[in-house]
Number of protein chains: 2
Amino acid sequence: MENIRELFQVMTRRFGLLNKNCCSAGGCDISLIQSHILYEIDHQHKPSMQQIADPLGTDITTFSRQVQSLVKMNLVKKTPDPDDRRFSILSLTTEGKFIATTIDQQMNAFLNEVFSHMNEFEKETVIRSIKLLNNAMAKSNVCCGTISG
Amino acid sequence: MENIRELFQVMTRRFGLLNKNCCSAGGCDISLIQSHILYEIDHQHKPSMQQIADPLGTDITTFSRQVQSLVKMNLVKKTPDPDDRRFSILSLTTEGKFIATTIDQQMNAFLNEVFSHMNEFEKETVIRSIKLLNNAMAKSNVCCGTISG
DNA sequence: TTTTAATACTTGCAAAATACAAGTAAAGGG
DNA sequence: CCCTTTACTTGTATTTTGCAAGTATTAAAA
């Protein structure tokens, strides 16, 4: 049997490069980490700083400064939580939302192009498999504990 | 239909964190990029600098310095190609090979743990799907051109 | 054969990313 | 009212990064 890790390594590296390319294409020009931050803010409900920093695996101090630059670029807004003002609630500005959406569309376009090399059955199988995988990883306690989805 | 990118994003982020953890566990303590470099050298036949830098998506100058530190750490060896001395052929030292193998085993152990949350049929389906995906990505010309596997 | 161009890689430098330690500010006990 | 905890920010020093410009080697052209 082949090395399972190898399959994953190839797949995730390709997807990582895809992600990297999509940051600096079509109107947006942000770094990969910044793209990840926008994505994560967009997908969580009224997230705090730590709630975004955790799944990205970056130190909170590094994250704090990254958010500062995104705020300066007018892509992210930081609002103190009225219930507990220690928390900063992160949200996307209109411009930030636009960039996040643009990247998302680009990524999906690329992925659809990839899926165009398969038949419909294969495509369905692959998508179902990734869901299975995500569920299994969520159940696993040995790794990747803090990532939702 | 759900957002395909979202499925990929969750999966690859988890795998990325896994990769990150495995670098600095069980005897080895190297950075994520260094781990990727060791992996890539281990999987290519007499690779040159550029041949490793390309699939990792890092600038050749950054890569050059990373290799320098790996050579200093006695994990990588750099040999001038006798046929064309502009090329440096990269190889793992015994110690480098050991670390690469250790990381590989750890990754596979983690992945097997993940697969333990599925039945045999699901596992087979998932593995087949990832192969399908890798083949489709290899065929795609819009992205990730330089990655072998 | 000399010159020119191309390739593979390396260094200079300046900017960005990173993380530890130490700080501030707010909330919750005791 | 103090003391602790939590959420986040700044000080500082190190590391990483990549463009520009360099060296060294090969290939091609004059």
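Computed from a predicted structure; not experimentally measured. Within every chain, numbering begins at 1; the chains are lettered A, B, ... in the order of the sequence lines, protein sequences first and strands thereafter.
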Novice: Kindly say whether, by distance alone, the side chain of A/Arg86 makes a donor-acceptor pair under 3.5 Å with the base of D/dT6?
Specialist: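 Pair found.
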
Novice: Using atom CD1 of B/Ile30 as one end and atom P of D/dT16 as the other, report the distance to the nearest whole Å.
Specialist: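 Going from B/Ile30 (CD1) to D/dT16 (P), I get 12 Å.
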
Novice: Could you see if B/Phe63 belongs to whatever hydrophobic cluster contains B/Ile89? Use Ile, Leu, Val, Met, Phe, Trp, Tyr and a side-chain cutoff under 4.5 Å.
Specialist: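 As far as the 4.5 Å side-chain criterion goes, B/Ile89 and B/Phe63 are not connected within one cluster.
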
Novice: Should B/Gln66 be listed as having a side-chain N or O under 4.0 Å from OP1 or OP2 of D/dT17?
Specialist: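 B/Gln66 to D/dT17 OP1/OP2: side-chain N or O found under 4.0 Å.
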
Novice: Within the structure provided, determine whether B/His43 and A/Gln9 are in side-chain contact (heavy-atom separation under 4.5 Å).
Specialist: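 Side-chain contact under 4.5 Å: no.
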
Novice: Any donor-acceptor pair under 3.5 Å joining the side chain of B/Arg65 to the base of C/dG12?
Specialist: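 Such a pair is found, so the answer is yes.
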
Novice: In whole Å, what is the span from the CG atom of A/Asp54 to the C1' atom of D/dC8?
Specialist: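 The distance from CG of A/Asp54 to C1' of D/dC8 comes to 13 Å, rounded to the nearest Å.
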
Novice: Between A/Phe8 and B/Phe15, what is the ring plane arrangement, given parallel below 30°, perpendicular above 60°, and tilted in between?
Specialist: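 Correct class here is parallel.
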
Novice: By nearest nucleotide on DNA chain C, pick out whichever of B/Asp84 and A/Pro82 is the more 5' one.
Specialist: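 Upstream on the strand: B/Asp84.
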
Novice: I need the CD1-P distance between A/Ile52 and D/dC8, as an integer number of Å.
Specialist: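 Spelled out: CD1 on A/Ile52 to P on D/dC8 is 10 Å.
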
Novice: Figure out the CG/P separation between B/Leu70 and C/dT10, and round it to whole Å.
Specialist: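 Nearest whole value for this atom pair: 13 Å.
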
Novice: Given D/dT9, is OP1 or OP2 found less than 4.0 Å from the side-chain N or O atoms of A/Lys78?
Specialist: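 Looking at the OP1 and OP2 atoms of D/dT9, one of them is under 4.0 Å from a side-chain N or O of A/Lys78.
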
Novice: Examine C/dC9: is either OP1 or OP2 under 4.0 Å from a nitrogen or oxygen in the side chain of B/Ser64? Give yes or no.
Specialist: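 Negative; the distance criterion is not met.
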
Novice: For the atom pair CD (B/Gln51) and CD1 (B/Ile41), what is the distance rounded to the nearest 0.5 Å?
Specialist: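 Between atom CD of B/Gln51 and atom CD1 of B/Ile41 there are 11.5 Å.
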
Novice: Please classify the nucleic acid contact of B/Ser31 as base, sugar-phosphate, or nothing, using heavy-atom distances under 4.0 Å.
Specialist: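 Answer is nothing: B/Ser31 stays at 4.0 Å or more from every strand.
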
Novice: Report yes if at least one side-chain N or O of A/Thr62 is closer than 4.0 Å to OP1 or OP2 of C/dA19; otherwise report no.
Specialist: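 Yes.
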
Novice: Which nucleotide in the set D/dT17, C/dA27, D/dT9 lies at the smallest distance from any side-chain heavy atom of A/Arg85?
Specialist: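 Output: C/dA27.
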
Novice: Can you check the A/Leu56 CG to C/dA19 C1' distance for me, whole Å?
Specialist: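 So the CG-C1' distance, A/Leu56 to C/dA19, works out to 16 Å.
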
Novice: Is there side-chain contact between A/Leu90 and A/Met49, with heavy atoms separated by less than 4.5 Å?
Specialist: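 Side-chain contact under 4.5 Å: yes.
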
Novice: Write down the distance between CD1 (A/Ile37) and C1' (C/dA16), rounded to a whole number of angstrom.
Specialist: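 Result: 14 Å.
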
Novice: In whole angstroms, how far is the C1' atom of D/dC8 from the CD atom of A/Gln51?
Specialist: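 After rounding, the gap between these two atoms is 13 Å.
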
Novice: Could you check whether B/Thr61 gets within reach of a base, just the sugar-phosphate, or nothing at all, counting any heavy atom under 4.0 Å?
Specialist: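 Base contact.
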
Novice: At less than 4.0 Å, is any side-chain N or O atom of B/Gln68 found next to OP1 or OP2 of C/dT10? Yes or no.
Specialist: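 No, outside the criterion.
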
Novice: Specify the residue among A/Phe87 and A/Lys20 whose closest nucleotide of DNA chain D lies further upstream toward the 5′ end.
Specialist: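 With A/Phe87 and A/Lys20 compared, the 5'-side residue is A/Phe87.
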
Novice: I need the CZ-C1' distance between B/Phe63 and D/dT15, as an integer number of Å.
Specialist: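 B/Phe63 atom CZ is separated from D/dT15 atom C1' by 18 Å.
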
